[in-house]
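In what follows, chains are A, B, ... by sequence order, proteins preceding strands, each numbered from 1.
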2 protein chains.
Amino acid sequence: MPAEAKVSAKVNKPAKVEAGAAAPASPPLTERQEARRRRILHASAQLASRGGFDAVQMREVAESSQVALGTLYRYFPSKIHLLVATMQDQLEHMHGTLRKKPPQGETAAERVAETLMRAFRALQREPHLADAMVRALTFADRSVSPEVDQVSRQTTAIILDAMGQENPTPEQLSAVRVIEHTWHSALITWLSGRASIAQVKIDIETVCRLIDLTAPATP
Amino acid sequence: MPAEAKVSAKVNKPAKVEAGAAAPASPPLTERQEARRRRILHASAQLASRGGFDAVQMREVAESSQVALGTLYRYFPSKIHLLVATMQDQLEHMHGTLRKKPPQGETAAERVAETLMRAFRALQREPHLADAMVRALTFADRSVSPEVDQVSRQTTAIILDAMGQENPTPEQLSAVRVIEHTWHSALITWLSGRASIAQVKIDIETVCRLIDLTAPATP
DNA sequence: CGCTAATCTAGAACAAGTTTCAGACTTGAT
DNA sequence: ATCAAGTCTGAAACTTGTTCTAGATTAGCG
């Protein structure tokens with residue numbers, strides 16, 4: 001029936017969507033579609049690296065990625081969706097990179113802080129890109145919840161990795177949640193020039209103490 | 001010389017602004033100007049209470065407050081500025097209200113958590129307004145830093161009040177910063193439907209433990 | 001190969017934030 | 001009372017995100 005399979009839950013504005021079922025199986029993309037998607041994300045990251053959030057203009061993204069504006073919107077139903085997807089993409093990279101050299105710290109708190117600081121330094125190398133992604137993430141409304149949630153899960157995974165905890169207790173999970181809150185908010189204050197890099201470091205180290213506070217006896 | 005005094009640092013786009021000096025003395029507003037400003041903030045809060053961030057449309061705010069669009073922009077150079085100012089306004093109310101019934105908790109951590117939960121319940125009564133204010137706050141870029149900073153200071157004051165600490169240690173100030181981070185970020189996740197009220201409560205209580213962790217012996 | 005449904009494209013159109021401008025109005029000083 | 005400088009108004013214009021449309025393309029199927 002269809003030519004190229006449906007890109008994704010293209011059921012955005014149109015009435016209700018069989019509201020019960022989620023989107024368990026994302027329809028497989030054609031090779032050309034996969035390529036388009038990749039071009040779009042690449043253009044997005046590129047533009048973001050230049051001028052941050054404002055520099056990612058949908059018309060420019062479309063042009064840079066050689067795709068019609070309508071097509072761009074079919075793949076990513078809004079600028080926020082696009083930037084959050086860009087963040088997912090970058091986060092995967094990051095997680096891969098971080099995995100290679102696990103942190104050296106003695107305690108879980110040290111390792112988590114070290115990992116986050118490493119991520120922070122990576123962001124510092126592309127502050128505009130960081131700006132675009134983080135702003136999009138916190139500005140996202142309910143319509144982007146699934147995607148934002150995915151980013152959150154990925155972040156959680158990175159932190160748990162750093163902790164080296166197989167079976168975190170509920171208390172530890174709470175601590176991780178709080179760490180993520182602090183991480184995002186601290187990034188915001190840094191990006192908007194209201195906190196220095198040193199200040200962010202302190203905040204991260206401070207919040208990471210919560211981990212030891214909730215840690216069971218080290219096995 | 002001027003008719004009604006300059007509203008404020010009207011030095012937004014135009015070249016540099018004697019970049020050294022801050023804005024120590026905001027020029028005193030005429031009575032009529034003060035009234036206009038108040039009408040605008042009222043209209044902003046009213047519209048926000050209805051439909052949240054998106055419902056605060058500059059043209060509507062201008063109309064509701066009986067002010068020309070250009071004038072609105074003279075008072076508040078962007079929608080974000082307007083909403084952050086609206087938040088400042090609401091925060092003052094809140095601080096006043098909170099002062100009246102100080103929290104009952106035994107420990108500083110309990111008192112802070114109690115205070116924040118009280119604030120949270122207030123926000124729950126006007127979730128749309130909360131949405132508009134918090135989204136504006138986290139979306140604000142460098143051009144709004146002074147105003148956002150002011151909000152941050154006010155929040156800090158509320159928390160320190162709840163702690164009942166006259167001379168907080170640097171460590172405690174760090175803890176307060178982290179609490180604020182968590183507070184903002186937790187609100188965001190709640191507003192975008194990714195966390196329940198219960199979850200926010202847990203996060204707040206979790207992060208508040210940091211206070212006891214850094215508390216000196218109780219005098 | 002030829003069909004058919006879905007996708008892609010180019011471009012116009014719309015919406016809301018922001019800017020601009022000419023003219024009417026206020027205010028404080030002379 | 002008059003004047004100059006700064007404000008306010010009303011309306012149009014501009015920008016960028018988003019939607020819509022008609023027609024050209026593409027993918028899977030018989």
Side-chain angles (χ1 to χ4, degrees), chain A residues 1-14 27-37 39-40 44 47 51-83 132 135-136 139-141 143-144, chain B residues 1-14 27-37 39-40 44 47 51-83 132 135-136 139-141 143-144:
Chain A
M1 302 102 179
E4 314 195 22
K6 225 180 310 183
V7 156
S8 71
K10 275 280 75 257
V11 277
N12 304 42
K13 314 305 150 52
L29 297 202
T30 298
E31 214 166 295
R32 307 184 57 190
Q33 289 182 315
E34 191 56 50
R36 266 186 215 113
R37 195 186 132 85
R39 283 206 306 279
I40 293 173
S44 168
L47 288 171
F53 188 89
D54 293 332
V56 181
Q57 303 193 353
M58 299 305 266
R59 286 176 237 272
E60 294 226 359
V61 173
E63 189 173 357
S64 286
S65 48
Q66 309 228 262
V67 136
L69 190 55
T71 305
L72 171 53
Y73 272 96
R74 173 183 282 277
Y75 280 73
F76 302 97
S78 78
K79 175 170 173 171
I80 300 292
H81 280 84
L82 170 57
L83 285 173
R135 297 263 291 287
F139 192 63
D141 66 1
S143 72
V144 203
Chain B
M1 301 99 178
E4 314 194 23
K6 227 179 309 181
V7 156
S8 72
K10 274 283 74 257
V11 278
N12 306 43
K13 315 303 152 51
L29 295 203
T30 298
E31 215 167 294
R32 307 183 59 191
Q33 290 182 317
E34 190 56 51
R36 267 186 214 112
R37 195 186 131 86
R39 283 205 306 280
I40 293 173
S44 168
L47 287 171
F53 189 89
D54 293 330
V56 181
Q57 303 194 352
M58 299 306 267
R59 288 170 175 86
E60 294 225 0
V61 172
E63 189 174 358
S64 286
S65 48
Q66 309 228 264
V67 138
L69 191 53
T71 305
L72 171 53
Y73 272 96
R74 173 183 281 277
Y75 281 72
F76 302 97
S78 78
K79 174 170 174 173
I80 301 291
H81 280 83
L82 170 57
L83 285 172
R135 296 263 291 286
F139 192 62
D141 66 1
S143 72
V144 204

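Cation-pi contact between A/K79 and A/F139: absent, since separation from the ring centre below 6.0 Å together with deviation from the ring axis within 45° is not met.
Counting only distance, with no hydrogens or angles, the side chain of B/T30 and the backbone of B/R32 share no donor-acceptor pair below 3.5 Å.
To the nearest 0.5 Å, atoms CD (B/Q33) and OG1 (B/T71) are separated by 10.0 Å. Atoms CG and CZ, on B/L83 and B/R135 in that order, are 10.5 Å from each other to the nearest 0.5 Å.
In terms of heavy atoms, A/F53 sits closest to A/A132 at N-CB, 3.6 Å. Across all non-hydrogen atoms, the minimal contact from B/A68 to B/A62 is C-CB, 4.3 Å.
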Return all side-chain donor-acceptor pairs below 3.5 angstrom for residues 54-61 of chain A, not counting sequence neighbours, or 'none' if the list is empty.
none

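Between B/L82 atom CG and C/dA16 atom P there is a gap of 16 Å when expressed in whole angstrom units. Distance B/L72 CG to C/dT18 P: 9 Å, rounded to the nearest Å. Look at CG on B/D141: it is 16 Å from P on C/dG17, rounded to the nearest Å. For B/R74 and C/dG17, the CZ to C1' distance is 18 Å, given to the nearest whole Å. At whole-Å resolution of the value, CG in A/L83 and P in D/dG17 are 10 Å apart. Atom pair A/R36:CZ and D/dT25:P shows a separation of 14 Å (rounding to whole Å applied). The interatomic distance linking A/E34 (CD) with D/dA27 (P) rounds to 15 Å, in whole Å. The nearest whole Å value for the distance from the CD atom in B/E63 to the P atom in D/dA11 is 11 Å.
Comparing C/dC8, C/dT18, D/dT9 by their closest approach to the side chain of B/S78 singles out C/dT18. If you check C/dT7, D/dT19, C/dT19 against the side chain of A/L69, the one that comes closest is D/dT19. With C/dT7, C/dT19, D/dT18 as the candidates, the nucleotide lying closest to the side chain of B/Y73 is C/dT19. Side-chain proximity of A/K79 to the nucleotides C/dG17, D/dC8, D/dG17 is greatest for D/dG17. Proximity note for A/R32 (side chain, C-beta onward) versus C/dT9, C/dG17, D/dA27: the nearest is D/dA27.
Heavy-atom distances under 4.0 Å link DNA chain D to A/V56, A/Q57, A/M58, A/R59 of residues 53-61 of chain A, given in residue order.
Put simply, B/Q66 has no side-chain N or O that comes within less than 4.0 Å of OP1 or OP2 on D/dT9. Within the 4.0 Å cut-off from OP1 or OP2 of D/dC8, at least one side-chain nitrogen or oxygen of B/Q33 is found.
Within 4.0 Å (heavy atoms only), A/E31 reaches no atom of the nucleic acid at all.
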